[in-house]
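Since the structure is predicted, the reported quantities are computational estimates derived from the model, not experimental observations. In what follows, every chain begins at residue 1, and chains take the letters A, B, ... in the order their sequences are listed. As a basis for the values below, the full set of heavy atoms in this structure was taken, side chains included, without hydrogen atoms, waters or symmetry mates.
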Amino acid sequence: MSYDPKAIEPRWQQYWRESGIFRAEIDTSKPKYYVLDMFPYPSGAGLHVGHPKGYIATDVISRYKRMRGFSVLHPMGWDAFGLPAEQYAIETGTHPRETTRRNINNFKRQFASLGMDYDWSREIDTTNPDYVRWTQWIFSKLYERGLAYLAEVPVNWCSALGTVLANEEVIDGKSERGGHPVVRIPMRQWMLKITAYADRLIEDLDLVDWPEPIKKMQRDWVGRSEGADIDFTVESADGESLRVFTTRPDTLFGATYMVLAPEHPLVSKITTPDQRGDVEAYVDRTQRKSERLRLADVQEKTGAFTGAHALHPITGERLPIWIADYVLISYGTGAIMAVPGHDERDYEFARTFDLEIREVVSGGNLDEAAYEKAGTAVNSDFLDGLPTHDAKARMIDWLEENGNGERAVSYKLRDWLFSRQRYWGEPFPVLHMPDGSTKLVPEADLPVLLPELDDYKPSGEFEPPLARAKEWLHTTDPETGVECVRDANTMPQWAGSCWYYLRFCDALNADDAWSKEAENYWMSVDLYVGGAEHAVLHLLYSRFWHKVLYDLDLVHTPEPFQKLLNPGMILGYSYRYYDDNLANAPDFRVRAVAASQVKLDGETATDAKTGAELKARWVNAEDVRWSDDGTPRHPEIEGLELEVVTEKMSKSRGNVVSPDDVIEQFGADALRLYEMFMGPLEKGAPWSAEGIPGMHRFLQRAHRLVAENEESVTITDGAGTKEQAQLTARTIQEVTDDVENLRLNTAISKLMVFVRDIVSENSLPREAAEAFVLLLNPFAPHLAEELWRSLDHQESPGLSAWPEPRSEFLETDRITLAVQVNGKRRDEVEVAADASEDEIRAMALASERVQSHLEGRDPRKVILVPGRLINIVA
RNA sequence: GCCGGAGUGGCGGAACUGGUAUACGCGCUCGACUCAAAAUCGAGUGGGCUCGUCCCAUGCGGGUUCGAAUCCCGCCUCCGGCACCA
């Protein structure tokens, strides 16, 4: 019988599901291994071939670790709150719960068809009331600790999404999802005090094994800087003092003016009557300037003079106080001392408004640019002659002694804006009392469930859809019977993903979020695999929650994820052109333009000839017409050449390849193998259909080798010839080493070499065959099951022990050494493995080729690299 | 602009701490099987020429070394992140 994945794969998938052999068990006699994928949002589009790369990798590792004797936890679940289901509900009236249920079923079907070994008894759905209950419970813990608070804050309001967004979700003034415009308006919102954990979020990165670039991104995001707060007295404003933060207290003598953010509370107080007009006009202008515009002209410095002056704390000099939007209200104290000699931004501002530039650190040329590096203090009274580092310390000492300031630390990280004005999220377990205070819904009354709504639309008036559910909204405090109001906001999608890895440890626990015992056994996550796009969002948020839980003694590790791996994205080829139908009008005489005729400026495309604005369009990959010279063309518009772009797979780009189709044609094992074989896990690459048949052929060969041996190959007992035993031992050793180091691509290539070379005189040794099937099992588990049975085993290979190489076959008695002359390879010699240097040297010098390259010269030096080469230097 | 990461055959990639560059797969060429094709199997496949015991090749230009894809210096290109954070 020939290899037929369609017949084999469903059979074993059913067996895995029904036998429950991959169920995770707490077994204290075994070491544990917790391998976790970032769980997906179950979208309506289902999985495409770009998704499973990480999932397949964890499946390989999970199966491997189980065979190595670990008790393995490898769960899967759904991050199922979120905008698309809600958007779909708005459009069609279908309840998000229904959409979510359908999508989850489709995802589960796809995961099953890929042959995943998930323990489905631990499945998590973040929208499930049993789960929401504990998400709300953790929020209550944050609230009790004072880490959740309501604040009137300027928020990122996105009217298209009808909600506020966290800073991290806004990119270039547009929403991260969908790219809709975002404006800043003040609103009363739930905030989480992540800044209280800023230092620990940086320090504890030393405890985890993560890619260095990701750690750096997190450090930079928290953005800790050390310096000093310095107080300036505002002249003639009844002793009003102005506090600034600086990282360069050593340049205090170089401060020639002060700048407040336009939103700074002092602005209205200190502005002099004759400057009021200018100042108010400027404040008004910056308020209306969108985030986007503010970014666009970062180079241009603008500002207005308040008419007020501050007094230099040491010299008593009068420094003019300006306002300018290059100073941000949300960082530091919202005010700065400007040192134009040693800060690029202040320098530009001073140049624009003709303010004094003073050198207080030597080393640069202030006629040309600000000098920001370290140097020696000059024109600085008691700091003169000190190097920057010492000058900073001396100045801080002076400030503290004289009561003019103190050592201070500032962070870029802001508190986490935690409420959304949407329907499909966790309600806040909070009651608003008539006196304006808030209190938690008692733990016994959790979860607070979402009310049913007829209409999921955001009102557009900054009011959440939940506010329309009057009966739900108005309730009574179960403790006092007082009438009160629920909170109409919902939590952001991050909430559910902040702690799901803990619930997986004990997913069926009805009394607690997790038991101490389960948490103790399984945590922390040994290997966490997921996209680098979560480097600062999900990973920072969940680390924060985890630390709060750690402080509450609810978890026993300070960090949740020990090792992190970011699989590279699999991209698709898409085919692009442009047209001038900007508004997608239905009856529009569309003019299509090839990419070669288009000028790109950032995100806007214009016609290179006419300058008219254009919109990018894509042709579905399968609809592309290929001309004879191999260029892609539009299927209908005659002669329109398409531009080939490699980008993330998405429906809108028409470049999605479904795993369903690949599995239908070549089987899940071939798909699994191909995705792992494409290259290193961390690296992304465009999907190419050409490689899959090669994997299919390899599996076919393996099948023929082990299971169809009646014709040409016979399985013989024992380890076979010396060469066969050596190849087997070496393959075991090398595959093991590769898997341990997550080099799954090279592990597969070694299995291929084995299949190519193992047969000798039409015989396949039984030991070799069995080792091979076991090595193959994590990668191609369906075929491995099949082959294992054909070798007369009753149990799954997934439950067998991983093979050990027989050490006596790892060593060889004769080795081949390269012979170099002056570093260039000229010949090779075969020597006994234990040959002495003199012997090897003699053999190398005896080589005809070596002699001819020596051209009669005597060797000056001979370098022997044991086991590798001998280099003769002449 | 700043900070990361990466550039190796026609393509995906391999080369572990500086030690035989191009493993493995795809593609291509030739051959076997076949009436023929597909499938399968086998052989070959970095480039060059004066076809040798040759020369040149790991983005470009230098350097260190007996020896460099690997280390150092200076550039170029692509990908990702950040973006007035005082």
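A 6.0 Å sphere centred on CZ of R841(A) holds no more than 12 heavy atoms belonging to other residues, nucleotides or ligands.
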Show me the side-chain donor-acceptor pairs of residues 670-683 of chain A shorter than 3.5 Å, one per line, residues at least two apart or across chains.
| from | atom 1 | to | atom 2 | distance (Å) |
| --- | --- | --- | --- | --- |
| R672(A) | NE | F779(A) | O | 2.9 |
| R672(A) | NH1 | D59(A) | OD2 | 2.9 |
| R672(A) | NH1 | L114(A) | O | 3.1 |
| R672(A) | NH1 | G115(A) | O | 3.3 |
| R672(A) | NH2 | D59(A) | OD2 | 2.8 |
| R672(A) | NH2 | P778(A) | O | 2.9 |
| Y674(A) | OH | S688(A) | O | 3.1 |
| E675(A) | OE1 | K53(A) | N | 3.2 |

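The one candidate from V327(A), I321(A), I336(A) that meets the side chain to side chain contact (heavy atoms under 4.5 Å, CB included) condition with L260(A) is I321(A).
Applying the side chain to side chain donor-acceptor pair (under 3.5 Å) test to N655(A) and every residue at least two apart in sequence or in another chain returns nothing. Residues satisfying the side chain to side chain contact (heavy atoms under 4.5 Å, CB included) test with E368(A), not counting sequence neighbours, are N365(A). Scanning for side chain to side chain contact (heavy atoms under 4.5 Å, CB included) contacts around L817(A) gives I815(A), V829(A), V831(A), I840(A), L864(A), with sequence neighbours left out.
Between E723(A) and R730(A) there is no salt bridge, since no side-chain N of the basic residue sits under 4.0 Å from a carboxylate O of the acidic one. Between D737(A) and R743(A) there is a salt bridge, since at least one side-chain N of the basic residue sits less than 4.0 Å from a carboxylate O of the acidic one. Remark: D4(A) does not engage K6(A) in a salt bridge, criterion side-chain N to carboxylate O under 4.0 Å.
Rounded to a whole Å, the CG atom of D325(A) is 16 Å from the P atom of A83(B). Between N566(A) atom CG and G81(B) atom P the separation is 12 Å, expressed in whole Å. Rounded to whole Å, the distance from NE2 on H703(A) to C1' on U40(B) is 15 Å. In this structure, L705(A) atom CG and C41(B) atom C1' are separated by 15 Å, rounded to whole Å. One interatomic measurement links the two molecules: NZ of K412(A) to P of C2(B), which rounds to 15 Å at whole-angstrom precision.
A gap of 14 Å separates the C1' atoms of G13(B) and A69(B), to the nearest Å. When the P atom is used for both A21(B) and C55(B), the distance is 13 Å, rounded to whole Å. When the C1' atom is compared between U20(B) and C3(B), the two are found 39 Å apart, to the nearest whole Å. Comparing C26(B) with G74(B), their P atoms are spaced 43 Å from each other, to the whole Å. Distance noted for atom P between A39(B) and U29(B): 13 Å (whole Å). Spacing between G25(B) and C79(B) at atom C1', rounded to whole Å, works out to 25 Å.
Contact annotation: R697(A) reaches the phosphate of C26(B) (side-chain N/O to OP1 or OP2, under 4.0 Å). Taking only side-chain nitrogens and oxygens, R704(A) never comes nearer than 4.0 Å to OP1 or OP2 of U40(B). Here S410(A) does not reach the OP1 or OP2 of A86(B): none of its side-chain N or O atoms lies under 4.0 Å away. The side chain of R756(A) contributes an N or O atom lying less than 4.0 Å from OP1 or OP2 of C24(B).
Toward the 5′ end of RNA chain B lies the nearest nucleotide of R826(A), the other residue of the pair T247(A) and R826(A) mapping further downstream. Two residues, Y331(A) and D220(A), neighbour RNA chain B, and the one matched to the more 5' nucleotide by heavy-atom proximity is D220(A).
Taking the syn range as angles within 90° of 0, the glycosidic angle of G18(B) is outside it, so the base is anti.
A donor-acceptor contact under 3.5 angstrom links the side chains of E647(A) and S574(A), judged on distance only.
Distance from the side chain of K824(A) is smallest for C56(B) among the nucleotides C56(B), C24(B), G4(B). Side-chain proximity of V753(A) to C24(B), C41(B), A86(B): nearest is C24(B).
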So what does the secondary structure string of RNA chain B come out as, 5' to 3', with Watson-Crick or wobble pairs under 3.5 angstrom, [ ] for crossing and | for pairs with another strand?
-> (((((((..(((......[....)))((((((.......))))))((((..).)))..(((((..]....))))))))))))....

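Distance alone, capped at 3.5 Å, is enough to place a donor-acceptor pair between the K215(A) side chain and the L205(A) backbone.
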Base, backbone or nothing for each nucleotide of nucleotides 12-21 of chain B, written B, S, -, heavy atoms under 4.0 angstrom, 5' to 3'?
-> BSS----BB-

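Within 4.0 Å (heavy atoms only), M695(A) reaches sugar-phosphate atoms of the nucleic acid but no base atom.
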